[in-house]
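Written below as structure tokens is the structure these notes are about.
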Amino acid sequence: MIHRASSALRASVLRASALTAAIAAIAGVVLPLQLSAGAAAAADDGSVTWSVQPADENGPDGRPWIEQTLDPGESAQEHLAVRNFSDHDVTFRLTAADGYFNENGRFNILPAGQESTAAGRWIQLPESVTVAAGETAVVALMIRVPDDAEPGDHAAGVAASISSTGADDAGATVGVESRVGFRVMTRVTGELSPSAVVDKIETAYLTAWNPVAPGRLRVEFDVVNTGNTRLRIAGVVTADGRQVDFPPQDEPQELLSGDARHFTVEIDGVWPQFVVPVAIDLEPEVIVVSGEAPTLAAMRADATAWAMPWPQLLVVLGVGMLAAALVWRRGRSRGRLDALLEEAREAGRREVAESRLP
């Protein structure tokens, strides 16, 4: 079922060839382009500008994305709004696919050529919608949770896309699919068991060869969501009395069930002490749409970093060699002086002996 909404949206205008960061102001959550960023993301009959937002039957409802809590076997009707900012009618392809977070913590869905196997298959919506110039089309979609769905959080996304042509690096013509959309998060009721672990810890000490300057300690590790709920990750790495947050406070990170995220933390001002204890304190937070979140206790993982004081040892070695050289030279000089004194005493004894001869 498709409705028309004629009221103007107060949203930023984007061109489909713009970077995904620019799209975020319109769509809330953006599904980045899967093809070459250098290709022109425009329809063959002119440039196309559009937005996609969660909606009710009357139009966009202000949500950044859709979140539902459903029982196994339950269904829920939702809506999305596609706004065509262009000066001509456009037919958009509508798709739903499994969702995931990439290594930068950005949400995305599987590309068109990859088949969904999870929550992306729970969403039914029309294959396409034609939106008149300057108009908004509201499209109904249905979320149907299978009877055997596992409890916990499941990620998917919906997108409106257009296809156009562009050129690759060799100048050959290639097809380009430009997508804008948002995530659809479904929590299936049942026993929730949030959990996480810190895994694959590696440390490396980066020596400052200035003997009066400290070095840096690099700590790499994975955080793995081993439970069945979505987690927001935050923590602190401590070494030599210094602390560094991960991820940076302006870069929140979410992990879906089964996800692993790799972190690299560098701590400045660490003095080489042969052995430096390292502590990774993780404070995961269970994300909920409403109600009380299940608690998940903070956890700590300990490690050891080898921090050899090579510059300082070289200084000590140099000072020791200099001291040994001075002692050796002093001993040699004293030996020569003793020899000269002995020669003088021997000469004196000869002179005394010669003066006593008749």
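Any value given below was found using the heavy atoms of this structure, including those in side chains, with hydrogens, waters and symmetry copies removed. Quantities reported herein were computed from a predicted structural model and do not represent experimental measurements.
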Do the non-hydrogen side-chain atoms of [X] and [Y] ever get within less than 4.5 Å of each other?
{"X": "Thr117", "Y": "Asp98", "value": "yes"}
{"X": "Glu266", "Y": "Leu206", "value": "yes"}
{"X": "Asp268", "Y": "Pro214", "value": "no"}
{"X": "Trp310", "Y": "Pro272", "value": "no"}
{"X": "Gln243", "Y": "Thr238", "value": "yes"}
{"X": "Trp306", "Y": "Val275", "value": "yes"}

Task: side chain to side chain contact (heavy atoms under 4.5 Å, CB included) partner of Val82, the single match among Val138, Thr136, Val131 - done: Val131

- [ ] Say whether Glu103 and His262, considering side chains only, have a donor N or O and an acceptor N or O under 3.5 Å apart.
- [x]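 Per modelled atom types, Glu103 and His262 side chains form no pair under 3.5 Å.
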
- [ ] Check whether the side chains of Gln273 and Asp240 place a donor and an acceptor atom closer than 3.5 Å, and report yes or no.
- [x] yes

[Y] reachable from [X] in the ILVMFWY side-chain graph, under 4.5 Å edges:
{"X": "Val129", "Y": "Ile123", "answer": "yes"}
{"X": "Val224", "Y": "Leu231", "answer": "no"}
{"X": "Trp209", "Y": "Phe274", "answer": "yes"}
{"X": "Met299", "Y": "Val286", "answer": "yes"}
{"X": "Phe101", "Y": "Phe182", "answer": "yes"}

Task: Residues, nucleotides or ligands: over 12 heavy atoms within 6.0 Å of Glu283 CD - done: no

Summary of salt bridge (Lys or Arg N to Asp or Glu O under 4.0 Å) pairs that have at least one residue in [range], sequence neighbours excluded:
{"range": "residues 153-162", "result": "Asp153-Arg187"}
{"range": "residues 224-235", "result": "Glu67-Arg230, Arg230-Glu254, Arg232-Glu285"}
{"range": "residues 199-210", "result": "none"}
{"range": "residues 300-314", "result": "Asp281-Arg300"}

Which atom pair, heavy atoms only, marks the closest approach of [X] to [Y]?
{"X": "Pro247", "Y": "Phe263", "answer": "CB-CE2, 3.9 Å"}
{"X": "Ala96", "Y": "Leu125", "answer": "CB-CD2, 4.0 Å"}
{"X": "Gly157", "Y": "Ile109", "answer": "CA-CG2, 3.6 Å"}
{"X": "Ala208", "Y": "Ala213", "answer": "CB-O, 3.8 Å"}
{"X": "Trp271", "Y": "Tyr205", "answer": "C-OH, 3.7 Å"}
{"X": "Asn225", "Y": "Gly227", "answer": "OD1-N, 3.0 Å"}

Run the side chain to side chain contact (heavy atoms under 4.5 Å, CB included) test against [X] and tell me which residues pass, sequence neighbours left out.
{"X": "Thr95", "result": "Arg93, Ala159"}
{"X": "Leu70", "result": "Gln68, Glu74, Ala76, Ile143, Val145, Thr186"}
{"X": "Thr189", "result": "Thr69, Asp71, Pro72"}
{"X": "Thr295", "result": "none"}

Qualifying residues under side chain to side chain donor-acceptor pair (under 3.5 Å), relative to [X], sequence neighbours excluded:
{"X": "Ser195", "answer": "Thr226"}
{"X": "Asp56", "answer": "none"}
{"X": "Ser161", "answer": "Glu177"}
{"X": "Asp259", "answer": "none"}

When rounded to the nearest 0.5 angstrom, what is the spacing between [atom1] in [X] and [atom2] in [Y]?
{"X": "Asn228", "Y": "Glu191", "atom1": "CG", "atom2": "CD", "value": "8.0 Å"}
{"X": "Ser116", "Y": "Arg121", "atom1": "OG", "atom2": "CZ", "value": "8.5 Å"}
{"X": "Ile233", "Y": "Leu255", "atom1": "CD1", "atom2": "CG", "value": "4.5 Å"}
{"X": "Arg179", "Y": "Ser163", "atom1": "CZ", "atom2": "OG", "value": "11.0 Å"}

State whether the side chain of [X] and the backbone N or O of [Y] hold a donor-acceptor pair below 3.5 Å, judged by distance alone.
{"X": "Trp50", "Y": "Ala160", "result": "yes"}
{"X": "Arg242", "Y": "Gly269", "result": "yes"}
{"X": "Ser178", "Y": "Ile162", "result": "no"}
{"X": "Thr264", "Y": "Arg218", "result": "no"}

Open item on the list: Angle between ring planes, Trp122 versus His154, binned at 30° and 60°: parallel, tilted or perpendicular?
Closed with: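 Judged by the thresholds at 30° and 60°, the geometry between Trp122 and His154 is tilted.
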
- [ ] I would like to know whether Leu94 and Val158 meet side-chain contact (heavy atoms from CB on, under 4.5 Å); could you show each step before the answer?
- [x] CA-CA 7 Å; Leu94 301 178; Val158 293; over 6 Å; no

- [ ] Begin with the C-alpha distance, continue with both residues' side-chain angles, and end with the deciding distance and a verdict on side-chain contact (heavy atoms from CB on, under 4.5 Å) for Phe221 and Phe246.
- [x] CA-CA 11 Å; Phe221 55 94; Phe246 73 91; 3.7 Å; yes

